[in-house]
2 protein chains.
Amino acid sequence: MERSEVVKLLQNHDITPTRQRIEIAAFLFQREQHLSAEKILAEVNLSSHRVSRATVYNTMGLFTSKGLVREVLIDRDRVFYDSNNTQHHHIYNVDTGELSDIENDRVSVAGLPELSDNVQIVGTEVIIKVSNL
Amino acid sequence: MERSEVVKLLQNHDITPTRQRIEIAAFLFQREQHLSAEKILAEVNLSSHRVSRATVYNTMGLFTSKGLVREVLIDRDRVFYDSNNTQHHHIYNVDTGELSDIENDRVSVAGLPELSDNVQIVGTEVIIKVSNL
DNA sequence: TTGGGTGCAAACTATTTGCATTCGA
DNA sequence: TCGAATGCAAATAGTTTGCACCCAA
């Protein structure tokens with residue numbers, strides 16, 4: 001994704017495209033991946049200009065609330081951000097910590113109970129935990 | 001659940017029944033609930049003898065590894081321990097933080113991809129996130 | 001008795017926050 | 001210009017750890 005596309009992506013999501021946000025987004029959307037804030041901080045600062053820790057945290061919080069990325073809460077120790085913003089689920093290897101995607105259209109969840117009148121579903125997450133034999 | 005049953009439960013799970021572990025287990029299995037370590041620490045110490053913070057954390061880690069309770073990673077800030085040890089799933093209200101169970105036999109997950117030969121499924125977790133209207 | 005269990009406090013680490021500075025529009 | 005964004009460092013909070021003491025078997 002080139003820079004102008006990244007800028008457009010941010011604007012479409014109602015996010016002011018600052019230098020730091022563009023750099024972080026460009027890195028995230030190189031490919032679909034699962035990254036921690038610290039990893040993002042380290043990788044982004046390898047190339048390009050410097051981005052501070054606080055800005056990475058602020059930015060990832062913003063991206064999440066704007067629907068650009070999804071938080072994946074699987075690891076006790078840190079939040080992972082998923083740059084695959086299509087609907088999908090996860091397979092988590094508890095031995096290796098490896099996290100991979102399952103395309104959504106392969107999986108169906110049936111039999112959910114009726115919800116209370118005053119709530120709506122905002123997301124359905126399926127996590128398959130696997131371990132090595 | 002009375003004390004002798006708790007002791008039996010621990011022994012069945014290959015856990016040495018110490019005073020602290022018995023107290024923590026007795027509290028957890030009063031009823032099915034979702035509790036943080038700090039909550040467990042506070043509640044257990046309301047009644048009965050004193051249990052230290054480190055022991056609560058150690059004990060919950062042990063109970064988890066022995067399959068007595070399940071960790072629920074939904075809240076960014078803390079781990080919840082689920083004392084419902086039947087297979088089931090969760091509904092999480094992102095507005096209130098309320099976490100409730102869905103009986104497993106109501107829900108079916110279909111269409112999972114083939115796994116690599118060298119892994120096995122150790123758990124399937126479905127989380128329905130809801131928000132207030 | 002004796003190795004595992006416990007308690008305390010200090011250490012650790014991901015994340016958040018206060019505030020002064022800088023930047024985008 | 002000027003409010004929003006950033007950077008830095010300090011603060012926060014859940015969890016882990018080191019180590020001396022204690023207890024279950």
Side-chain angles (χ1 to χ4, degrees), chain A residues 3-4 6-27 34-45 48-66 68-69 71-81 97 99, chain B residues 3-4 6-27 34-45 48-66 68-69 71-81 97 99:
Chain A
R3 187 191 159 93
S4 69
V6 173
V7 170
K8 218 168 287 179
L9 178 67
L10 295 180
Q11 289 173 333
N12 288 342
H13 285 263
D14 200 29
I15 297 169
T16 304
T18 65
R19 175 176 68 70
Q20 290 85 340
R21 289 170 181 177
I22 294 167
E23 276 165 21
I24 292 171
F27 171 69
H34 307 102
L35 297 161
S36 65
E38 289 297 323
K39 181 75 173 172
I40 295 166
L41 176 66
E43 294 290 329
V44 167
N45 283 334
S48 71
H49 299 273
R50 176 152 223 79
V51 176
S52 76
R53 171 168 285 102
T55 296
V56 170
Y57 278 97
N58 284 338
T59 299
M60 295 317 295
L62 179 67
F63 283 5
T64 300
S65 72
K66 296 297 186 178
L68 259 185
V69 298
E71 290 181 348
V72 183
L73 304 181
I74 287 191
D75 189 296
R76 298 167 55 91
D77 295 333
R78 82 203 95 244
V79 174
F80 282 95
Y81 294 96
L99 186 61
Chain B
R3 187 192 159 92
S4 67
V6 173
V7 170
K8 218 167 287 178
L9 178 68
L10 295 180
Q11 290 172 332
N12 288 343
H13 285 265
D14 199 30
I15 297 170
T16 305
T18 65
R19 175 176 67 71
Q20 290 86 338
R21 289 170 181 177
I22 293 166
E23 276 166 20
I24 292 171
F27 171 68
H34 307 103
L35 298 161
S36 65
E38 291 296 324
K39 182 75 173 171
I40 294 166
L41 176 65
E43 293 290 330
V44 168
N45 283 334
S48 70
H49 300 273
R50 176 153 221 79
V51 176
S52 74
R53 170 169 284 101
T55 296
V56 171
Y57 278 98
N58 285 338
T59 299
M60 296 315 295
L62 180 67
F63 284 5
T64 301
S65 71
K66 297 296 187 180
L68 260 185
V69 298
E71 290 181 348
V72 184
L73 305 181
I74 286 190
D75 189 296
R76 297 166 56 90
D77 296 333
R78 83 203 96 243
V79 175
F80 282 95
Y81 294 96
L99 185 63

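Chain letters run A, B, ... following the sequence lines, proteins first and then strands; every chain starts at 1.
- When all heavy atoms of A:F63 and A:R21 are compared, the pair lying nearest together is CZ-O, 3.8 Å.
- Between atom NE2 of residue B:H13 and atom CG of residue B:L62 there is a gap of 11.0 Å, rounded to the nearest 0.5 Å.
- In terms of heavy atoms, B:D14 sits closest to B:K66 at OD2-NZ, 3.5 Å.
- Using a cut-off of 4.0 Å between Lys/Arg side-chain N and Asp/Glu carboxylate O, A:R78 and A:E38 are scored as not salt-bridged.
- For the helix from C:dT1-D:dA25 to C:dA25-D:dT1, the rotation axes defined at the first and last 5 base pairs enclose an angle of 40°, given to the nearest 10°.
- Screening residues 54-64 of chain A for salt bridge (Lys or Arg N to Asp or Glu O under 4.0 Å), with sequence neighbours left out, gives no hits.
- Rounded to whole Å, the distance from CG on B:N58 to P on D:dT15 is 13 Å.
- Scanning all heavy atoms of the two residues, the minimum distance from B:T55 to B:Q20 falls at CG2-CB, 3.9 Å.
- From B:R19, atom CZ reaches atom CZ of B:R50 across 10.5 Å, with rounding to the nearest 0.5 Å.
- Just one of A:V69, A:I24, A:L68 meets the side-chain contact (heavy atoms from CB on, under 4.5 Å) condition when paired with A:Y81; it is A:V69.
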Between the protein and nucleotides 11-15 of chain C, are there any N/O to N/O pairs under 3.5 Å, and if so, what are the atom names and distances?
unit_1 : atom_1 : unit_2 : atom_2 : d
C:dA14 : OP1    : A:R78  : NH1    : 3.4
C:dT15 : OP1    : A:V79  : N      : 2.9
C:dT15 : OP2    : A:Y57  : OH     : 2.8

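- As rounded to whole Å, 17 Å separates atom C1' of C:dA25 from atom CZ of A:R19.
- Of all heavy-atom pairs between A:V56 and A:A37, the closest is CG1-O, 3.6 Å.
- To the nearest angstrom, C1' of D:dA24 lies 15 Å from CD of B:E23.
- Here the shortest heavy-atom pairing between B:V6 and B:I22 reads CG1-O, 3.8 Å.
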Can you tabulate the close N/O pairs, meaning under 3.5 Å, that link protein atoms to atoms of nucleotides 3-5 of chain D?
unit_1 : atom_1 : unit_2 : atom_2 : d
D:dA5  : OP1    : A:R21  : NH1    : 3.2
D:dA5  : OP1    : A:R21  : NH2    : 3.3

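- Side-chain contact between B:F80 and B:E71: absent, with no pair of heavy atoms (C-beta onward) separated by less than 4.5 Å.
- The two atoms that bring A:L10 and A:A25 nearest to each other are CD2-CB, 4.2 Å, heavy atoms only.
- The separation between B:R50 atom CZ and C:dG5 atom C1' is 17 Å, rounded to whole Å.
- To the nearest 0.5 Å, atoms CD (A:E23) and CG (A:N45) are separated by 8.5 Å.
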Can you tabulate the close N/O pairs, meaning under 3.5 Å, that link protein atoms to atoms of nucleotides 20-23 of chain D?
none

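- Atom-to-atom, CE of B:M60 to P of D:dT16 comes out at 12 Å; the value is rounded to the nearest Å.
- Counting to the nearest Å, the P atom of C:dT6 and the CD1 atom of B:I22 are 10 Å from each other.
- Note that NZ of A:K39 is 11.5 Å distant from CG of A:L41, once rounded to the nearest 0.5 Å.
- Between B:I15 atom CD1 and D:dA25 atom P there is a gap of 13 Å when expressed in whole angstrom units.
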All N/O contacts under 3.5 Å from nucleotides 1-3 of chain C to the protein, with atom names and distances to one decimal?
none

